[in-house]
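This one's a predicted model, so the numbers in the text were calculated from it and none came from an experiment.
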Amino acid sequence: MKKKLLTGFMAAAVAAAAILGGIKIYRIHQMNQSGILLAFDDYCAEEWEEHFDLFSEYDAKVTFFVNLSEPTDFCYHADKEGHEIAFHTVGHVRLTEVSDEEVYAQAIAPLEVFREKGFEITTFAYPYGAKSDHLDAMLLEHYNVVRGALALELHGKHELRKGFVDSMSLDNVNFESQEAYEEQIIAILNELKGGKGRVASFYSHAIGEGEWCVSDEKLEFLLEKAKEMGLQFYTFQELQYW
């Protein structure tokens, strides 16, 4: 009887070790998995929501930096789909040109309203990319990550836990042609694929043919090529808890 119990215990121990080992291997794989932070700024709820099926097709999770005083139906739908709701001020104010009191009203005070309605917002994007060290310090007392604009830097995942992050615009106005866009995107994705545990941050606004939009063709090209290369799409908040 004792022998049977011992044998059973050893089998259970081996099984447990195998499970824990599998979890460890999976975690290492996830830590080494490079990927993309794809974000949209301002508030273009109808256009964004129309592309939820496209995001789902490519297993892409997105961060929406919204200009709102409180959550809308779009916010709840996006959250249900696994996307992140992040903040971009109430009125798209250039924070470098207003008082600290106005910064608080625009970028910090609304967090409590969102929190009371079920959203723990931890990521902020500067309108116009207008930032300063003083603003970084002020905002990082309330957010884990603040995001800039108009620059690309590949970041290690650990850098996304706290601090400032650069981001590259995908807006149509920045590219002379679809071919120029594709060439630049492929170069960035190849660099990501060649490394371990790195992420690139991209953002746009609306989705369409306007200057301050990313076209459907450009958006799907990024989604398709990233998936082909085995790159993963992350939200900012997801990486803050690694």
Side-chain angles (χ1 to χ4, degrees), residues 26 29-30 33-90 92 110-125 143-147 149 155 157 160-161 165 167-171 185 189 192 199-210 212-242:
Y26 174 76
H29 171 74
Q30 288 294 94
Q33 182 76 20
S34 292
I36 293 167
L37 292 159
L38 177 60
F40 293 89
D41 294 2
D42 301 348
Y43 190 67
C44 306
E46 185 174 344
E47 291 175 5
W48 294 342
E49 205 159 8
E50 286 174 354
H51 289 78
F52 278 5
D53 287 345
L54 179 68
F55 297 140
S56 179
E57 179 182 345
Y58 290 99
D59 300 319
K61 299 305 180 186
V62 175
T63 301
F64 295 103
F65 289 94
V66 298
N67 297 122
L68 296 169
S69 58
E70 62 181 356
T72 62
D73 288 344
F74 167 81
C75 297
Y76 290 101
H77 187 188
D79 181 68
K80 186 177 179 180
E81 292 290 315
H83 304 301
E84 177 185 1
I85 297 300
F87 210 54
H88 198 45
T89 73
V90 175
H92 206 270
L111 292 177
E112 185 59 33
V113 177
F114 276 80
R115 189 174 294 115
E116 289 173 354
K117 297 192 176 185
F119 290 88
E120 191 67 34
I121 293 181
T122 61
T123 319
F124 178 83
Y143 295 92
N144 291 337
V145 171
V146 293
R147 198 215 73 199
H155 298 276
K157 285 183 178 179
L160 274 296
R161 294 177 184 168
V165 179
S167 191
M168 172 182 160
S169 171
L170 298 178
D171 290 332
I185 292 299
L189 298 188
L192 278 175
V199 290
S201 174
F202 299 109
Y203 76 97
S204 187
H205 299 86
I207 302 171
E209 298 302 321
W212 304 107
C213 307
V214 60
S215 68
D216 285 88
E217 186 178 6
K218 288 185 177 71
L219 176 60
E220 188 154 12
F221 180 84
L222 172 63
L223 296 171
E224 182 180 343
K225 293 303 176 183
K227 188 169 185 178
E228 284 180 6
M229 292 185 184
L231 298 169
Q232 190 165 334
F233 285 89
Y234 299 101
T235 64
F236 283 81
Q237 194 170 64
E238 179 181 6
L239 294 182
Q240 290 163 27
Y241 297 112
W242 275 78

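A search for side chain to side chain donor-acceptor pair (under 3.5 Å) contacts involving T123 returns E84, Q240, not counting sequence neighbours. Residues passing the side chain to side chain donor-acceptor pair (under 3.5 Å) test with E49, sequence neighbours excluded: H77. Shown here are the ring-ring contact (aromatic ring centres under 6.0 Å, His included) partners of F233, two or more places apart in sequence or in another chain: there are none. Partners of E220 according to the side-chain contact (heavy atoms from CB on, under 4.5 Å) rule, which considers only residues two or more places apart in sequence or in another chain, are L54, Y58. Contacts of H205 classified as ring-ring contact (aromatic ring centres under 6.0 Å, His included), with partners at least two apart in sequence or in another chain: Y203. By the side chain to side chain donor-acceptor pair (under 3.5 Å) test, S169 pairs with D171, N174, sequence neighbours left out. Residues satisfying the side-chain contact (heavy atoms from CB on, under 4.5 Å) test with K218, not counting sequence neighbours, are N172, F175, Q178, Y181, V214, S215. F202 pairs by the ring-ring contact (aromatic ring centres under 6.0 Å, His included) definition with nothing, not counting sequence neighbours. In this structure E120 satisfies the side chain to side chain donor-acceptor pair (under 3.5 Å) test together with R115, sequence neighbours excluded.
Using a 30° and 60° split on the angle between ring planes, Y43 and W48 fall in the perpendicular class, above 60°. The aromatic rings of F124 and Y143 are tilted relative to each other, their planes meeting at an angle between 30° and 60°. Between F74 and F52, the ring planes are tilted. Angles from 30° to 60° get that label. Classification of the F55-H83 ring pair by plane angle, with boundaries at 30° and 60°, yields perpendicular.
Taking a 6.0 Å sphere around CD of E217, one finds it holds 12 or fewer heavy atoms contributed by other residues, nucleotides or ligands. Around CD of E46, the count of heavy atoms belonging to other residues, nucleotides or ligands within 6.0 Å does not exceed 12.
The two atoms that bring I85 and A78 nearest to each other are CD1-CB, 3.9 Å, heavy atoms only. Of all the heavy atoms in A226 and L189, the pair that sits closest is N-CD1, 3.8 Å.
With hydrogens and angles ignored, the 3.5 Å screen pairs a side-chain donor or acceptor of S34 with a backbone N or O of L192. Between the side chain of E47 and the backbone N or O of A206, no donor-acceptor pair lies under 3.5 Å. At least one donor-acceptor pair under 3.5 Å links the side chain of S167 to the backbone N or O of S201. With K61 contributing its side chain and L38 its backbone, the two residues share no donor-acceptor pair below 3.5 Å.
Checking D41 against H92 by side-chain atom types alone, no donor-acceptor pair falls below 3.5 Å.
Atom-to-atom distance recorded for M229:CE and I36:CD1 is 9.0 Å, nearest 0.5 angstrom. Once rounded to the nearest 0.5 Å, the distance linking CG of L223 with CG of L231 reads 12.0 Å. If you take CD1 on I185 and CZ on F221, they are separated by 7.5 Å, rounding to the nearest 0.5 Å. Distance check, rounded to the nearest 0.5 Å: CZ of F87 to CD1 of I121 gives 6.5 Å. Rounded to the nearest 0.5 angstrom, S56 OG and H51 NE2 are separated by 14.0 Å.
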Trace of the side-chain contact (heavy atoms from CB on, under 4.5 Å) decision for Q237 with T63: CA-CA 8 Å; Q237 194 170 64; T63 301; over 6 Å; no
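Within the structure, salt bridge (Lys or Arg N to Asp or Glu O under 4.0 Å) pairs that include any residue of residues 221-233 comprise D59-K227, K225-E228 (at least two apart or interchain).
In this structure, N144 and F236 have side chains that are not in contact, with every pair of non-hydrogen atoms separated by 4.5 Å or more.
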Under 3.5 Å, sequence neighbours excluded: what are the donor-acceptor pairs made by side chains of residues 64-71?
{"residue": "N67", "atom": "ND2", "partner": "H88", "partner atom": "O", "Å": "2.5"}
{"residue": "N67", "atom": "ND2", "partner": "T89", "partner atom": "O", "Å": "2.9"}
{"residue": "E70", "atom": "OE1", "partner": "K117", "partner atom": "NZ", "Å": "2.8"}

